[in-house]
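These notes concern the structure reproduced below.
These numbers were taken from a predicted model, which means no experiment stands behind them. Residue numbering restarts at 1 for every chain, and letters A, B, ... go by the order of the sequence lines.
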Amino acid sequence: MKNVIEMSGVSVYYDQICALDHIHLNIKEKEFLAIIGPNGGGKSTLLKVVLGLIKPDKGDVKVLGQPVRHSQSAIGYVPQFSSFDKQFPIDVTDVVLMGRLSDRIRLFHSFTKEDREIVEKVMKQLEIDGLKNRQIGQLSGGQLQRVLIARALVTNPKILMLDEPTASLDANAKTQIYAILKELNQKVTVVVVSHDMGAVSSHVNRIACLNKKLYYHGEAQLNNNVVRQVYGCPIDLIAHGIPHRVLKTHEGEVS
Amino acid sequence: MIRAVLQYDFLQNAVLSAVLASIACGIIGTIIIEKKLVMMSGGIAHTSFGGIGLGYFLNIEPIIGALVFAIGAALGIATIRRKYQTHSDVLIGMFWAVGMALGILFIAITPGYPPDMTSYLFGDILTVSPMDLWVMAALGGIILLVIALLFNYFRAYLFDEEFTTVRGIRTVFLEYMLFILISLTIVVLIRVVGIILIIALLSVPPAIARQFTYDLKKMMLSSTLLGVVFCLMGLWISYELNIASGASIILFSVLSFILVSVVKSRLQMLRKVNTDTKDTQL
Ligand SMILES: Nc1ncnc2c1ncn2[C@@H]1O[C@H](COP(=O)(O)OP(=O)(O)O)[C@@H](O)[C@H]1O
Ligand SMILES: [Mg+2]
């Protein structure tokens, strides 16, 4: 399988603070990758570098073999909740339609019938077609997250990147979101930032552990040492009581 | 007063300028409160006072000076904010005060008897000249046209700048465009309510409108209509009671805002109580 995202030697500094330190990361086509790591570990920064929102201070990023600037339309992006004002006067349909805007600014632009049909189809697929005329603030967390995923999907992306899509959702909504992503993963590469080891473990096939440096990238099976290094805390906190464990117990440890 | 409007040119000018001001105000005011740029607009408005002073000093039309200063302030604030990531309220504060100081300075060094600045500071819709009207009409037309041309892009940019950027749309261009439109709006409004009162006329109509709709276009439209009502009522009050039009327009607008908000929350409470009693009856 070919690589859809290639990062080599990427470093990012905010003033003096180093957020990413020499990251080498290749993401393969149709991979379902979870990026985990502590708060402030640079997960959002990494997504933003790939999206072209932040220019890396060092290193090189290629998306589908091209420099970031020319590949923006290939990535569907689902930001963290906080990136917009939920009181904004806009309804669900118009939010999803935003994904159909193309990069060439056209005067008196209006959305075509095709745009609306695509939006309709995706909203049906994510079971949010009943919410069409709701103002964006009048949704539950899980509904809003589906709307944002729909907006990313109508761009026809090859890669879907989601920044903590299940933070602040209840367990049921979390499972639903991951089920949706799993299904989407049959056609597109999915990269998801998450703290949610439980849900991650039963769905993704690869994990990247990020805390400034990339500590681990591989199968969704981790041993204690890596996690302890990344999070700096004992892992039974993370894996406790979860049926599908991400984490192999350490040899010799009583499980 | 209606007979007077038909009779006197200056009243016709006043009514026309009220309508023109309301169009600019409804469209840009809506954007300003949604993008949280009210203080920014206040800063640009006050900076333009420097331009008015310069206009007197150079003996050119003061409103042209205001236009130049307003655009300069808008572009300056936008650029510095982007480049140095300064907190915009610090910047706004500096532009605000420096503009006022320059205005005073220019007036002071202008030879001859100092002009009366109150009409620029507090607005005087009854002294709008045909020249002012032409400027207002041209600027209002530009504002309307640009927003109509780029409406979908502006809405996307206002709602979620980051996502719009990721889509490859040049949001920096939209931002500069928006800031220029704000400065044009301010120049349109200076003659009507004056530099000091502008932010109220920009923010009150959309603040009322947003209580009744969550559609950006409808909000712009109803803000415009509300603006017309406020300006004409204010004009009438000012004509009848012989007080400055800027003050009467602003006071009338803010009173309406309070009234609407109180009535609306009362109605909501009543409705809630009604459904509650229904529920207990069931
Ligand atoms: N805009 C910014 N300016 C300065 N520092 C930032 C900015 N964004 C993030 N940082 C810093 O960079 C580091 C990584 O942040 P981030 O990528 O948001 O982490 P995560 O998403 O993993 O929580 C943190 O130390 C954070 O404080
Ligand atoms: Mg983050």
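- Only the backbone of Arg134(A) comes within less than 4.5 Å of a heavy atom in chain B; its side chain stays farther off.
- The parts of Asp160(B) that come within reach of chain A are both its backbone and its side chain, each placing non-hydrogen atoms under 4.5 angstrom from that chain.
- Counting heavy-atom pairs closer than 4.5 Å to chain B, the top residue among Ile136(A), Leu97(A), Ile90(A) is Ile90(A).
- Residues of residues 119-133 of chain A that come closer than 4.5 Å to chain B, counting heavy atoms only, are Asn133(A), ordered by residue number.
- A 6.0 Å sphere centred on NZ of Lys174(A) holds more than 12 heavy atoms belonging to other residues, nucleotides or ligands.
- Remark: the backbone N or O of His109(A) is not paired with any side-chain donor or acceptor of Tyr153(B) at under 3.5 angstrom.
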Run the numbers on Asp215(B) and Asp91(A) for side chain to side chain contact (heavy atoms under 4.5 Å, CB included), then give the verdict. CA-CA 7 Å; Asp215(B) 179 308; Asp91(A) 66 15; 5.9 Å; no
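- The greatest number of non-hydrogen atom pairs below 4.5 Å with chain A, out of Arg210(B), Met219(B), Glu161(B), Lys35(B), is found for Arg210(B).
- Taking chain A as the reference chain and counting heavy-atom pairs below 4.5 Å, the highest number among Thr213(B), Thr30(B), Leu158(B) is found for Leu158(B).
- With sequence neighbours excluded, the residues forming a salt bridge (charged side-chain N to carboxylate O under 4.0 Å, His left out) with Lys48(A) are Glu162(B), listed by chain and number.
- A salt bridge does not link Asp103(A) with Arg167(B): none of the charged nitrogens is closer than 4.0 Å to a carboxylate oxygen.
- Taking 4.0 Å as the cut-off between side-chain N and carboxylate O, Lys36(B) and Asp85(A) count as a salt-bridged pair.
- Heavy-atom neighbours of Glu114(A) CD from other residues, nucleotides or ligands within 6.0 Å: at or below the threshold of 12.
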From CA spacing to verdict: side chain to side chain contact (heavy atoms under 4.5 Å, CB included), Val166(B), Ile75(A): CA-CA 8 Å; Val166(B) 170; Ile75(A) 305 177; 5.7 Å; no
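- Contact annotation for Phe151(B): neither backbone nor side-chain heavy atoms come within less than 4.5 Å of a heavy atom of chain A.
- Proximity to chain B is limited to the backbone of Arg104(A), based on heavy atoms less than 4.5 angstrom apart.
- Within a 6.0 Å radius of CZ in Arg170(B), other residues, nucleotides and ligands contribute 12 heavy atoms or fewer.
- With rounding to the nearest 0.5 Å, the separation of CZ in Arg106(A) from CG in Asn152(B) is 10.0 Å.
- Taking all atoms of both residues into account, the shortest heavy-atom contact from Phe159(B) to Phe84(A) is O-CB, 3.1 Å.
- Atom CG of Leu216(B) and atom CZ of Phe88(A) lie 5.0 Å apart (nearest 0.5 Å).
- More than 12 heavy atoms of other residues, nucleotides or ligands shown are found within 6.0 angstrom of CD on Gln268(B).
- For Ala156(B) against Leu101(A), the heavy-atom pair with the smallest separation is CB-CD1, 3.5 Å.
- Taken to the nearest 0.5 Å, the OH atom of Tyr214(B) stands 10.5 Å off from the CG atom of Asp94(A).
- Residue-environment remark: NZ (Lys264(B)) exceeds the threshold of 12 foreign heavy atoms within 6.0 Å.
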